[in-house]
There are 2 protein chains.
Amino acid sequence: MGWGNFTFGKMGEKVVISLADCFQGYHFLNPLSIDRLEQISEKLICKRNSVLIRQDKIQKDIYFLASGLARVYYETADRQITLDFVSPGGTLISMNSYVHDTPGYENIDLLEDSIVYKIDQKKLFMLYESDIAIANWGRKMAELEFIKAEQRTMSKLFNTAQERYAELLEKYPQYIQRIKLGYIASYLGVSQVTLSRIRANIL
Amino acid sequence: MGWGNFTFGKMGEKVVISLADCFQGYHFLNPLSIDRLEQISEKLICKRNSVLIRQDKIQKDIYFLASGLARVYYETADRQITLDFVSPGGTLISMNSYVHDTPGYENIDLLEDSIVYKIDQKKLFMLYESDIAIANWGRKMAELEFIKAEQRTMSKLFNTAQERYAELLEKYPQYIQRIKLGYIASYLGVSQVTLSRIRANIL
DNA sequence: TAAAATTTTTAACATTTGTTAAAATTATTC
DNA sequence: GAATAATTTTAACAAATGTTAAAAATTTTA
């Protein structure tokens, strides 16, 4: 997870990240290990609004987003809270499901037509036991995802919705145009009405 | 991190967890690897109110809490927010500092006289490269800490301060007695006045 | 144990944000 | 391009929480 990269380049063209680059985003990997990971991966072409992960289903596998845009959110009976938007190069994972083979917490939908690579968890776990470079790559993945999640938490705890919205506008103007305000509001942790007030500079 | 265990047993006696049990809390480890980890560990006896980790200092090493109680918090110029309380068997780590060798986000203080084990990060990283069991143990540590942090985030997003306080009371009555209300309030994400109102059942 | 210091509760008020619903705007479909 | 659907903004009001400050209770110290 982590919306750190690009969905659209400077000229508005779609960005596509290679699977190897998705891997290397976490840690250097030798060609042999990359090859082993690629062999347990499957390329998927997904339509806008596709569902990748549902909180009530076990979804052990990991996805890497090569192109497109995804939304990660939690849901209860009465509310839906957006945790993150993920851009190409990012990882889509329900950590609890991946680690414990049980239903996790997150729902992940694709907001745009996307290309994702799916890595088979069972086969990955076997590689962890035999290839120390991949074991350490998997360690790095967990560590860096932890830090990304921590940064999101920090930002939500210490910055106002206004500040966080301004940050979004500055860093990812392309997104704001294309994502529903309701999603952005729940990402910021305010109601859509409050977000409208922020946008109108009433606050 | 993760306040999952016990500080005081049923009769009020202090709980002490062995270093090996701290390790095994994450994942099974063979005796040889346990021994290797123990060899890069150092036992520390700490007084109440000791400072373990400061957000403006690089603190790469990992601590395991064998006995006592710790508080993890973030701090800005005007506010302090308690993230977690950690009981024996838990891990005290500034993940950003541990991973990136830079100052992290968290401050960690000991709220009681405590016993902690410190693991040298540099030596640990060397073990990661040579011992695949330890590499996978380190992976598990990061994965499980991620899940604990995620659960805290979830709880804060979806449960009211009342609900979370009631949970605390039920699960850890021993703590509530000994921790300042201001710390608990900032853990719950409300002002101390609101926590007093909750306690008075005004709400 | 009395005095001092710290912590917790209570009170009064202001402010922020949510809720509901309607109006305005924008996007989609035929 | 008009009609329909979806999204966003605005308005009015209610409710919850924060702030400040003082009182009460508890703990610590001498």
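Just so we're on the same page: letters track the sequence lines, and every chain starts at 1.
What separates CD1 of B:I184 from C1' of C:dT8 is a distance of 12 Å, to the nearest Å. Nucleotide D:dT17 holds its C1' atom 18 Å from the OH atom of B:Y165, rounded to whole Å. Counting to the nearest Å, the P atom of C:dT8 and the OH atom of B:Y183 are 10 Å from each other. Spacing between atom CD of B:E163 and atom C1' of D:dA16 amounts to 15 Å, rounded to whole angstrom units. As rounded to whole Å, 18 Å separates atom P of D:dA16 from atom CG of B:L188. Regarding A:R178, its CZ atom lies at a distance of 13 Å from the P atom of D:dT8, rounded to whole Å. In this entry the distance linking CZ of B:R164 with P of D:dT17 reads 14 Å, nearest Å. In this structure, B:K180 atom NZ and C:dT9 atom P are separated by 15 Å, rounded to whole Å.
Of the candidates C:dG18, D:dG18, D:dT9, D:dT9 carries the atom nearest the A:L181 side chain, counting heavy atoms from C-beta on. Checking D:dT10, D:dG18, C:dT9 against the side-chain heavy atoms of A:S196 singles out D:dT10 as nearest. For A:R199, counting side-chain heavy atoms from C-beta on, the closest listed nucleotide (D:dT8, D:dT10, C:dT8) is D:dT8. Of the candidates C:dT10, D:dT19, D:dT8, the closest approach to any side-chain atom of A:Q192 belongs to D:dT8. Of the candidates D:dT9, C:dT8, C:dT19, the closest approach to any side-chain atom of A:R197 belongs to C:dT19.
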Protein-nucleic acid N or O pairs under 3.5 Å, nucleotides 21-24 of chain C:
none

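Between A:R54 and A:D109 there is a salt bridge, since at least one side-chain N of the basic residue sits less than 4.0 Å from a carboxylate O of the acidic one. Salt bridge A:D61/A:K118: present, at least one basic N to carboxylate O contact under 4.0 Å. Taking the charged nitrogens against the carboxylate oxygens, B:E75 and B:R79 have no contact shorter than 4.0 Å, which rules out a salt bridge.
Annotation: cation-pi pair A:R164/A:Y187 present, NZ/CZ under 6.0 Å from the ring centroid and within 45° of its normal.
At a cut-off of 3.5 Å, with distance as the only test, no side-chain donor of A:S94 or A:Q59 sits close to an acceptor on the other residue. Judged purely by distance below 3.5 Å, without hydrogens or angles, the side chains of A:Y165 and A:T160 never pair a donor atom with an acceptor atom. There is a side-chain donor-acceptor pair under 3.5 Å between B:D101 and B:Q121. A:Y117 and A:E38 form no side-chain donor-acceptor contact under 3.5 Å, judged by distance and modelled atom types alone.
Stems are defined here as 3 or more consecutive Watson-Crick or G-U wobble pairs with pairing distances under 3.5 Å; those involving DNA chain C are C:1-30 with D:1-30.
Taking the centre of each ring, B:Y73 and B:Y183 stay at or above the 6.0 Å mark.
Side-chain nitrogen and oxygen atoms of B:T194 include at least one within less than 4.0 Å of the OP1 or OP2 phosphate oxygen of D:dG18.
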